[in-house]
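Worksheet: the structure to be examined is printed underneath.
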Amino acid sequence: MGRGTVKVLPWLDLRGKLGDYIYSGKVLDLLVLHLKIFPISLPLPFFFFLTQIFFLFFLFFFFDLTAQDPERILKMVKICCIGAGYVGGPTMAVIALKCPEIEVAVVDISVSRINAWNSDALPIYEPGLDEVVKQCRGKNLFFSTDVEKHVSEADIVFVSVNTPTKTQGLGAGKAADLTYWESAARMIADVSKSNKIVVEKSTVPVKTAEAIEKILTHNSKGINFQILSNPEFLAEGTAIQDLFNPDRVLIGGRETPEGKKAVEALRDVYAHWVPVDRIICTNLWSAELSKLAANAFLAQRISSVNAMSALCEATGADVSQVSHAVGKDTRIGPKFLNASVGFGGSCFQKDILNLVYICECNGLPDVANYWKQVIKVNDYQKTRFVNRIVSSMFNTVSGKKIAILGFAFKKDTGDTRETPAIDVCKGLLGDKARLSIYDPQVNEEQIQRDLSMKKFDWDHPVHLQPMSPTSIKQVSVVWDAYEATKDAHGICILTEWDEFKTLDYQRIYENMQKPAFVFDGRNIVDVAKLREIGFIVYSIGKPLDQWLKDMPAVA
Ligand SMILES: NC(=O)C1=CN([C@@H]2O[C@H](COP(=O)(O)OP(=O)(O)OC[C@H]3O[C@@H](n4cnc5c(N)ncnc54)[C@H](O)[C@@H]3O)[C@@H](O)[C@H]2O)C=CC1
Ligand SMILES: O=C(O)[C@H]1O[C@H](OP(=O)(O)OP(=O)(O)OC[C@H]2O[C@@H](n3ccc(=O)[nH]c3=O)[C@H](O)[C@@H]2O)[C@H](O)[C@@H](O)[C@@H]1O
């Protein structure tokens, strides 16, 4: 490998591109490039032949490509990623697409997941993913359960396994459970016969690299392992876009000559499509902590705006107007200021709990308490939403049908991990409501499983999760918003799917019990229009109907 020094100047960047064409055998592309540079040669075959020869000489001798990259010519670089999940799958597919000369194997202990990756129905729904996988699968992208074989053959091993919150023992409810990480590290040490770069892709506590280094070096049989931290910042629903055009790529490594070489090698992979000024190289601990910090900052913005939404309802202000005015300040910026029923997803809560635990372990209880508040406000927001529903429906929803529109934690994903819908549904079921749930990407089995699973149990490999949870009788799952809302007393919008904006609310109103309520947890409906139809509308952080003012919710 080794275009590490190559990307600094534009003409050297061109050399990199030419090198890629040569190494990946794209002879036709090379000829096209040649014609672009010497268009005059097309009608003159002899001149074309001469300039082609000149062009190749120019490449090999002037730019001295062979001397720069002897290893790349002799040996195709192999990457293996342990963990074919929401991060491992899309990230490796994009690396395979952007680096045709690199062979990428994604491995997992879950047979069903790997089978799905090898089928037409991929195991995760992510816009644009299908096309990327289809372009590379079977060429330089492979999905396999033969974990050991692919790890032993790889030059770079990414580890992208689950890092759930511990549910038992020391640090239960906060600390990260590194069981899967540790078992992956021990397996790497066991099967390796050549030097490797091991990359932390999972989100891990600060100093995990040190622990992993110890496991690897104590079991290494003389093999050299370099550990890098390369946290992932993609968001679900926009993963492919985020991977194609990341705000930054972060690589942390040891500040030794070997560590720096390893950082350079990984930087070379990303440099195939990410501009070098967006590839940030730091020490290991900064990279590990930056990931936790980034998620904590993002979640904090949502809790801040959600806290404001409660104040808006109390005062008659409109949270969307407040967010807009605040976000116009260029120091604050407009993103991530949408009030909601609460943030969900597999990482925000888990990573903040992890951060809190690290602060406590480092004797910083005040810092820990500061971050804990972000989660407390999130829980408050979900409880507040449920209380608002129950109190406005005469303080009881017992036996009433409530339509739940949207169950995924955000639009454009089928992921339900830590979705606020779970807590809202559980709250309503606790008050004996009957729920009719519709989400365009989440099926009944998943919803029943989510509503019966214990907190944090979801974050384990699929085959280690409870197999057949008892299904909840008061919950039905339907495949149409109109079916879900038929004869319902109220509607809760819990995911901001675009299709919920354009439903025929007049038709829905006519088929509902009266008074008919809409509780919009995502601020996507046209409140004035719905009120005109006859609905009593609650929209997070918006001025309240007289009805709602008369029935205050106790948070
Ligand atoms: N989901 C997301 O959007 C993001 C997640 N992350 C982090 O990335 C890591 C992975 O997250 P996801 O991909 O969402 O999880 P996931 O649950 O979708 O995937 C993890 C995969 O690892 C496999 N696995 C576990 N132990 C294994 C072992 N020893 N050998 C082989 N395979 C094994 C599991 O079967 C599972 O398929 C977590 O640390 C998470 O915090 C980081 C950024 C974004
Ligand atoms: O570490 C991770 O797992 C990832 O977590 C988040 O990505 P993700 O959880 O996929 O989705 P987000 O777009 O961040 O949304 C998280 C939650 O916050 C909610 N949200 C988001 C933005 C907003 O303004 N308001 C709001 O309520 C969303 O609806 C969703 O429930 C981060 O955005 C990623 O950078 C990070 O890599």
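In each ligand, atom 1 is the first atom listed, and ligand 1 is the first ligand listed.
Counting non-hydrogen atoms of other residues, nucleotides and ligands closer than 6.0 Å to CD of Glu210 gives a total above 12. Within a 6.0 Å sphere centred on CG of Asp120, heavy atoms belonging to other residues, nucleotides or ligands number 12 at most. More than 12 heavy atoms of other residues, nucleotides or ligands shown are found within 6.0 angstrom of NZ on Lys221. For Phe297, the CZ atom sits in a loose shell: 12 or fewer heavy atoms of surrounding residues, nucleotides or ligands are nearer than 6.0 Å. Within 6.0 Å of CE on Met187 lie more than 12 heavy atoms contributed by other residues, nucleotides or ligands.
Residue Glu236 has at least one nitrogen or oxygen atom sitting less than 3.5 Å from a nitrogen or oxygen atom of ligand 1, judged on distance alone. Between Asn162 and ligand 1, at least one pair of N/O atoms sits closer than 3.5 Å. Residue Glu232 has no N or O atom closer than 3.5 Å to an N or O atom of ligand 1. Residue Lys291 has at least one nitrogen or oxygen atom sitting less than 3.5 Å from a nitrogen or oxygen atom of ligand 2, judged on distance alone. At under 3.5 Å, not a single nitrogen or oxygen of Pro420, backbone or side chain, sits near a nitrogen or oxygen of ligand 2. Checked by distance only, ligand 1 and Lys291 stay at 3.5 Å or farther apart across all their nitrogen or oxygen atoms.
Below 4.0 Å from some heavy atom of Ser202 lie the following atoms of ligand 1, by number and element: 8 (O), 9 (C), 39 (O). Heavy-atom proximity to Asn295, at under 4.0 Å, picks out these atoms of ligand 2: 1 (O), 2 (C), 5 (O), 32 (C), 36 (C). Of all atoms in ligand 2, listed by their number and element, those nearer than 4.0 Å to a heavy atom of Glu232 are 37 (O). Within the listing of ligand 1, atoms 3 (O), 44 (C) sit less than 4.0 angstrom from a heavy atom of Leu234. Less than 4.0 angstrom separates some heavy atom of Ser346 from each of these atoms of ligand 1: 1 (N). Against a heavy-atom cut-off of under 4.0 Å, Lys350 is close to the following atoms of ligand 1: 39 (O), 40 (C), 41 (O). Close approach of ligand 2 to Cys347 is summarised as follows: ligand atoms under 4.0 Å from at least one heavy atom of the residue are 1 (O), 2 (C), 3 (O). The contact set between ligand 2 and Phe348, taken as ligand atoms under 4.0 Å from a residue heavy atom, comprises 5 (O), 6 (C), 14 (O), 16 (C), 32 (C). If you number the atoms of ligand 1 from 1 as listed, the ones under 4.0 Å from a heavy atom of Cys347 come out as 4 (C), 5 (C), 6 (N), 40 (C), 41 (O). Near Gly85, meaning under 4.0 Å from one of its heavy atoms, ligand 1 places the atoms 13 (O), 16 (P), 18 (O), 19 (O).
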Test log, rule side-chain contact (heavy atoms from CB on, under 4.5 Å), inputs Arg301 and Ile332: CA-CA 10 Å; Arg301 273 173 84 94; Ile332 297 172; 4.0 Å; yes

Test log, rule salt bridge (charged side-chain N to carboxylate O under 4.0 Å, His left out), inputs Lys411 and Glu496: CA-CA 6 Å; Lys411 74 169 181 177; Glu496 71 280 24; over 6 Å; no

Pair Leu289-Leu355, side-chain contact (heavy atoms from CB on, under 4.5 Å): steps then yes or no: CA-CA 9 Å; Leu289 185 55; Leu355 188 66; 4.0 Å; yes

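In terms of protein heavy-atom proximity, atom 14 (O) of ligand 2 is closest to Phe336 CZ, 3.1 Å. Given atom 31 (O) of ligand 2, the protein heavy atom at minimum distance is Phe409 O, 2.8 Å. At the top of the distance list for atom 35 (O) of ligand 2, counting protein heavy atoms only, stands Phe233 O, 2.7 Å. For atom 17 (C) of ligand 2, the closest non-hydrogen atom on the protein side is Gly344 O, 3.5 Å. In terms of protein heavy-atom proximity, atom 21 (C) of ligand 2 is nearest to Ile302 CD1, 3.5 Å. Shortest contact from atom 15 (O) of ligand 2 to any protein heavy atom: Lys410 CD, 4.1 Å. The single protein non-hydrogen atom nearest to atom 27 (O) of ligand 2 is Ser340 OG, 2.6 Å, given as residue, atom name and distance. Distance from atom 10 (O) of ligand 2 to its nearest protein heavy atom, with residue and atom name: Glu236 N, 2.8 Å.
A side-chain donor-acceptor contact under 3.5 Å links Asn140 to the backbone of Cys99. Distance alone, capped at 3.5 Å, places no donor-acceptor pair between the Ser539 side chain and the Asn523 backbone. A donor-acceptor contact shorter than 3.5 Å links the side chain of Ser144 to the backbone of Asp146. Between the Arg278 side chain and the Pro246 main chain, a donor and an acceptor come within less than 3.5 Å of each other. Using modelled atom types, one side-chain atom of Trp273 and one backbone atom of Leu243 make a donor-acceptor pair closer than 3.5 Å. At least one donor-acceptor pair under 3.5 Å links the side chain of Glu126 to the backbone N or O of Ala239. Between the side chain of Asp108 and the backbone N or O of Ile114 there is no donor-acceptor pair closer than 3.5 Å. Under the 3.5 Å distance criterion, the side-chain polar atoms of Lys196 are left unmatched by any main-chain donor or acceptor of Glu153. A donor-acceptor pair under 3.5 Å is absent between the side-chain atoms of Ser303 and the main chain of Gln300, judged by distance alone. Not a single donor-acceptor pair under 3.5 Å links the side chain of Arg267 to the backbone N or O of Ile251.
Heavy-atom separations between Leu234 and ligand 2 include at least one value shorter than 4.0 Å. Within the structure, the closest approach of Met187 to ligand 1 does not fall below 4.0 Å when heavy atoms are considered.
Counting only N and O atoms by type, the side chains of Asp450 and Gln446 include a donor and acceptor under 3.5 Å apart.
Nearest-residue assignment for atom 28 (C) of ligand 2 (options Lys411, Arg522, Glu496; heavy-atom criterion): Arg522. When the heavy-atom distances from atom 21 (C) of ligand 1 to Val151, Thr203, Ile188, Asp108 are ranked, the shortest goes to Asp108. With atom 8 (O) of ligand 1 as the reference point, the heavy atom nearest to it among Val111, Ile82, Val87 is part of Val87. Scanning Gly89, Ala176, Ser183 for the heavy atom closest to atom 29 (N) of ligand 1 points to Ser183.
Looking at Asn338 against ligand 2, both its backbone and its side chain come within 4.0 Å, counting heavy atoms. Under 4.0 Å from ligand 2, the heavy atoms of Leu298 that appear belong solely to its side chain. At a heavy-atom distance under 4.0 Å, only side-chain atoms of Arg417, from C-beta outward, approach ligand 1.
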